[in-house]
Amino acid sequence: MKQRWAPDELINYWTLTPEETNLINHTSKTDYNRIGCAVLLKHFQIEGKFPHRKQDIPDAVVEHITQQLKAQSTEFKRYELQERVAKRHRVQIRTFLGVRVGTVADAKTILAWLFTYDQLLEEHNIDRLKGVVYERYRELKIEPPEPKRTERLVHSAVRTADERLHKKIVERLTPETQEKLDALLNQNSPSGNISLLSNLKNEAGTATLENVLSEISKLESIRALFLPPDLFSDVSRKRILWCKQRIAVEDLSEIRRHPNPVRYTLLSAFCYQREQEITDTLIELLITLIHKIGARAKRIVEKEFIKDIRRVQGKNKLLYKVAEASVEKPDGTIKEVIYPVASEQKLRDIVQEFKSGGSYEQKVQTIMRGSYSHHYRRMVPFILKTLLFCATNETSKPILATLNLMRKYADKTMVSYPETEKVPLDNVVPADLLEAVKQGQRVNRINYELCALKVLREKLRCKEIYVKGASRYRNPDEDLPADFNAKRTEYYADLHKPLSAHEFIEIQKKEMQEALEMFDKGIPKNQTVKLITRNGKPWIKVSPLDAQPEPKNLASLKVEVGRRWNQLYLLDILKEADLRIGFTHLFKSPTLLEKLPREILQKRLLLCLFGLGTNAGIKRIASGSQTESYRDLFYIRNRFINRDGLRAAIASVANAILRERMVSIWGEATSLASDSKKFGAWDQNLMTEWHIRYRGPGIMVYWHVEKKALCIYSQIKRCSSSEVAAMIEGVLRHCTDMEVEKNYVDSHGQDETAFAFCYMLDFELLPRLKGIGRQKLYRPEAGNPKAYPNLQSILTRPINWELIQKYYDEIAKYTTALKLGTADAEAILSRFTKNKVKHPAFQAVSELGKVRKTIFLCKYLNSEILRQEIEEGLNVIENWNSANDFIWYGKGGEIAVNNKEDQETAILALHLLQICMVYINTLFVQKVLSEEDWLNRMQPEDFRGLTPLFYGHINPYGRLVLNMDERIIIE
């Protein structure tokens, strides 16, 4: 049952009617029986079933009911759900509601009806299916069976649906394709060391020509299977991913043992999904290699320029001396006038420097030409043969014609294209390189191909060019909801935005005018913000914030926690959190049958999670454990621990923290702070990049942390990828009970696009802007240039409201795509952030962002309290980052894997360990502050600085003994 209920929800769902109150008073005399009967009644009305455990009933619900019955909430503890009185209450409630007990015939009817939910059955979404079953029983006014019988009913439906799916897929496969699928298990790859299937499981390494050719070989081997195009047209993506995951964890011998329908379905789903992934990888390799060729050439040219400067020093001064000597003796000879001032050798050096030189761009192009022609050009014919590029607009059509031309002459050795060939130059070759490309009437092939590949890279990144058969680089129109026009009213209601563009703009204008008026009136009296001039330009001067009062009692509170519970092992913290929450039950194997006892599985899962989360590795954990071998732990790691299970476990711990927290101590959880941290990582993969600021290869981990150190979401990203996309992705996908109203970010986590989409998604973006002095405010209207007289120096052009009004539907459509998750945020936002020539719809998003940013700046500059709030929020995430180093101590803090999924799994395990520490510390602090003496000592500054993220009483090292019978005594 839902654990967090807002006050209005309690009133709507848990308020007793007079008839219900009469029933309760008639059936029960004592307070605890009256409360119990009321809880059973309302629970059945809401959930369609009676509760089986008292801990499933939220405290807020019990409190709300007891207030209506004028009783004490502590009385509910005396009520037992399995006693005779409770059974009598159930009978009376069934009679009152007109509900009867379910029969076997009812279960068969429900089972037949359940097959209408094909997608849920295919996805093996057991929890959702059980909810659907309970809802159906409630509609029919039948009491559902016990939970175990309901689960058996659902599993029976899933098993039948699987059999139907396997039969359907096999009927679509030809006998030749079935033979080729079996060959994946029995034939070796071209390298000869592993099977074809094992080779397909491997990810690509770093961006090299060899890896490009290897990925092309994998793609060709999948296409050689000739899977029908519509093979999975009516199968959900989640089901396909589930099949892929199952093949990924099973050995070849296990796959061979499957019955033919099961084996062919799993293998074909795996190959179908891998084809899309390999296509995306191939495009990523191409994009990275094109950038690599140019970046390498620039580094070489810059080094040469530095050498040239060192070789002939003082050229300007030398020119002055030569000019002066020539003017003084115009009739003299060079030997008599010039050589005494500048030696003959120095003049020869200058001549040689300019002869061998040329412009910077020309030198870069020359070096790129050599690198491309001698090495990387070999990949072009294979890529053009393997990938089918398509354009989304007319301006990108020339690059398609260019690719067709390159494909036509791929096997030719001529230096230039024939004069009779029509070669597209517009939108392909930049003006500064036209002379190098077009030599007379002929076009040099190598120089032209280099220009084309650079343009192709930019078009792919902003999705003006897409590739058929790809997933991430698919047609961008597929990222948008196809039914937007049909469900336009529903989608606008979900976004809480008006259907009328005119009404929307009037709201924006009013907010903008009010914000500017507020700031204009407040700036003369504002002592911390001044509008000045710096270097002849307007400048916003913001005074630094004053230091907050130092909390006086937090240090002694932490000491008290350490005194009461002594030194605890981090492994015991993880164990205690699981024993209280049960998150290890969320780790499921993709295989159908697992006979390992739950007690053994739980223990091994905890050891594996500890090894991954500390970066010590399961081999080190196995060597320190007396009961579990490396082989046992590796089996658990491979079968049970995956990204989805870890995210579900993290969400369950986060929800437990939100449920257990006392609002009087911690406050309401409505604000997030988002920022990234660099982790060193192995570099033989496409995720790891060199970080310009922090130096060294690595990946970025983007955290979303609530103000009291509750991290609700984490994700890995490249060093160069957008923080804006990561910020939006985390707010939308965190899957916890927290409702995000505000998000604090640093300068890298904001831009005009972010302001627009955050507003459309109904949460407030609150950035700490690094370049606050250079910011400008936009005018709401063009007709009154003298409005806001105190802000004239920082006001700029008026907003183009017509553009927003014209493309209001497009803005809502992209926002809906972000909210529904039809594509990840970075794939959608790349169209806005990496496209230099913006589509009008993208300009409209940017224009709306200017409106929202102007409103924010007025509030930010006018309110020191808001600036302090943002600073405090971002300090929380710095504290979270520092705790990473305490837990993530293994292998020098470096992620020692190249597989992207393994990298993400390791970071999610770290996240789980750290949030478990926060959970247990939350209980410790609340236990101490439950004593009146300690609570009275706490001052406002203590509550402001209070955090459960402290670890002086925790030892992350030491013994690896996991005794499941030992508990940390808190209550």
Side-chain angles (χ1 to χ4, degrees), residues 495-497 504 507-508 511-512 514-516 518-519 540 542 669-676 702-707 711-713 715 717 721-734 738-772 774-778 799 804 811-812 814-819 824-826 828-830 832-833 842 844-863 865-877:
L495 295 175
H496 305 107
K497 298 295 180 286
F504 177 80
I507 294 171
Q508 303 308 307
E511 278 193 60
M512 197 174 179
E514 289 175 352
L516 286 166
M518 173 194 67
F519 187 36
I540 303 172
V542 181
T670 58
S671 304
L672 281 181
S674 304
D675 201 4
S676 59
Y702 203 77
W703 305 106
H704 298 262
V705 186
E706 183 264 342
K707 290 184 75 171
C711 184
I712 64 171
Y713 197 79
Q715 56 193 300
K717 59 185 283 294
S721 62
S722 167
E723 287 199 8
V724 171
M727 178 270 296
I728 292 176
E729 189 79 10
V731 173
L732 295 177
R733 310 282 175 254
H734 61 83
M738 180 177 173
E739 295 182 5
V740 180
E741 297 176 2
K742 301 177 181 178
N743 202 124
Y744 312 113
V745 295
D746 226 325
S747 292
H748 299 293
Q750 61 82 38
D751 59 18
E752 289 169 353
T753 304
F755 273 102
F757 280 122
C758 289
Y759 174 75
M760 293 296 292
L761 290 165
D762 259 356
F763 68 93
E764 198 173 356
L765 181 63
L766 300 174
R768 178 177 61 190
L769 295 171
K770 184 178 180 181
I772 188 66
R774 297 185 297 272
Q775 300 299 320
K776 297 290 184 182
L777 304 178
Y778 287 82
I799 293 295
I804 299 175
I811 297 172
Y814 280 105
T815 308
T816 302
L818 286 170
K819 193 164 188 177
D824 61 84
E826 188 172 0
I828 293 176
L829 293 182
S830 63
F832 297 86
T833 57
F842 308 159
V845 172
S846 180
E847 204 70 12
L848 177 59
K850 291 178 173 65
V851 173
R852 302 312 309 177
K853 187 173 182 179
T854 297
I855 295 170
F856 164 75
L857 283 170
C858 291
K859 295 177 180 178
Y860 180 83
L861 295 171
N862 194 64
S863 171
I865 295 174
L866 177 59
R867 297 199 296 275
Q868 185 71 55
E869 178 188 343
I870 295 172
E871 195 72 26
E872 288 177 3
L874 291 172
N875 285 341
V876 170
I877 205 163

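Among all heavy-atom pairs drawn from E826 and S721, the shortest one is OE2-CB, 3.3 Å. Scanning all heavy atoms of the two residues, the minimum distance from F755 to G849 falls at CB-O, 3.8 Å. Minimum heavy-atom separation, G749 to A754: O-CB, 4.4 Å. Counting all heavy atoms, side chain and backbone alike, I855 lies closest to E511 at CD1-CB, 3.8 Å. Nearest heavy atom pair, residue G873 against residue A673, reads O-CB, 3.1 Å. The minimum heavy-atom distance linking E723 with S676 is given by the pair OE2-OG, 2.9 Å.
Atom CG in L818 sits 9.5 Å away from atom CG in D824 (nearest 0.5 Å). Separating the CD1 atom in I772 from the CG atom in L857 is a distance of 5.5 Å, to the nearest 0.5 Å. Going from atom NE2 of H496 over to atom CG of D762 covers 6.0 Å, rounded to the nearest 0.5 Å. Atom CE in M738 sits 6.0 Å away from atom OG1 in T670 (nearest 0.5 Å). If you take CG on L829 and CZ on F842, they are separated by 10.5 Å, rounding to the nearest 0.5 Å. Taken to the nearest 0.5 Å, the CZ atom of F519 stands 4.5 Å off from the CG atom of L861.
The number of heavy atoms from other shown groups lying within 6.0 Å of CD (Q868) is above 12.
C758 is listed as a side-chain neighbour of M727, based on a closest heavy-atom distance under 4.5 Å.
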*Show your reasoning for whether side chain to side chain donor-acceptor pair (under 3.5 Å) applies to S846 and E752.*
CA-CA 6 Å; S846 180; E752 289 169 353; 3.0 Å; yes
*Go through the steps to decide whether T753 and V724 satisfy the test side chain to side chain contact (heavy atoms under 4.5 Å, CB included), and finish with yes or no.*
CA-CA 8 Å; T753 304; V724 171; 5.6 Å; no
Quiz: residues 764-771 side-chain donor-acceptor pairs under 3.5 angstrom, not counting sequence neighbours:
unit_1: R768; atom_1: NH1; unit_2: E871; atom_2: OE1; d: 3.4
unit_1: R768; atom_1: NH1; unit_2: E871; atom_2: OE2; d: 2.9
unit_1: R768; atom_1: NH2; unit_2: D746; atom_2: OD2; d: 2.9

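E869 meets the salt bridge (charged side-chain N to carboxylate O under 4.0 Å, His left out) test with K742; sequence neighbours excluded. Considering only residues two or more places apart in sequence or on other chains, Y713 meets the side-chain hydrogen bond (donor to acceptor under 3.5 Å, both in side chains) condition with none of them. Every side-chain contact (heavy atoms from CB on, under 4.5 Å) that T815 has, sequence neighbours left out, goes to L495, F757, M760, L761, I811. Every residue meeting the side-chain contact (heavy atoms from CB on, under 4.5 Å) condition with V876, not counting sequence neighbours, appears here in chain and number order: V705. Every side-chain contact (heavy atoms from CB on, under 4.5 Å) that I799 has, sequence neighbours left out, goes to M512, Y778, W801, I804, E847, K850, V851. Checked against salt bridge (charged side-chain N to carboxylate O under 4.0 Å, His left out), E729 has the following partners two or more places apart in sequence or in another chain: R733. Take K707 and apply the side-chain hydrogen bond (donor to acceptor under 3.5 Å, both in side chains) test, not counting sequence neighbours, and it matches no residue. Qualifying side-chain hydrogen bond (donor to acceptor under 3.5 Å, both in side chains) partners for T816, counting only residues two or more places apart in sequence or in other chains: none. With sequence neighbours left out, Y860 forms a ring-ring contact (aromatic ring centres under 6.0 Å, His included) with F856. Residues meeting the ring-ring contact (aromatic ring centres under 6.0 Å, His included) test with F763, sequence neighbours left out: none. Shown here are the side-chain hydrogen bond (donor to acceptor under 3.5 Å, both in side chains) partners of Q508, two or more places apart in sequence or in another chain: Y759, R852.
Between the side chain of E706 and the backbone N or O of I712, no donor-acceptor pair lies under 3.5 Å.
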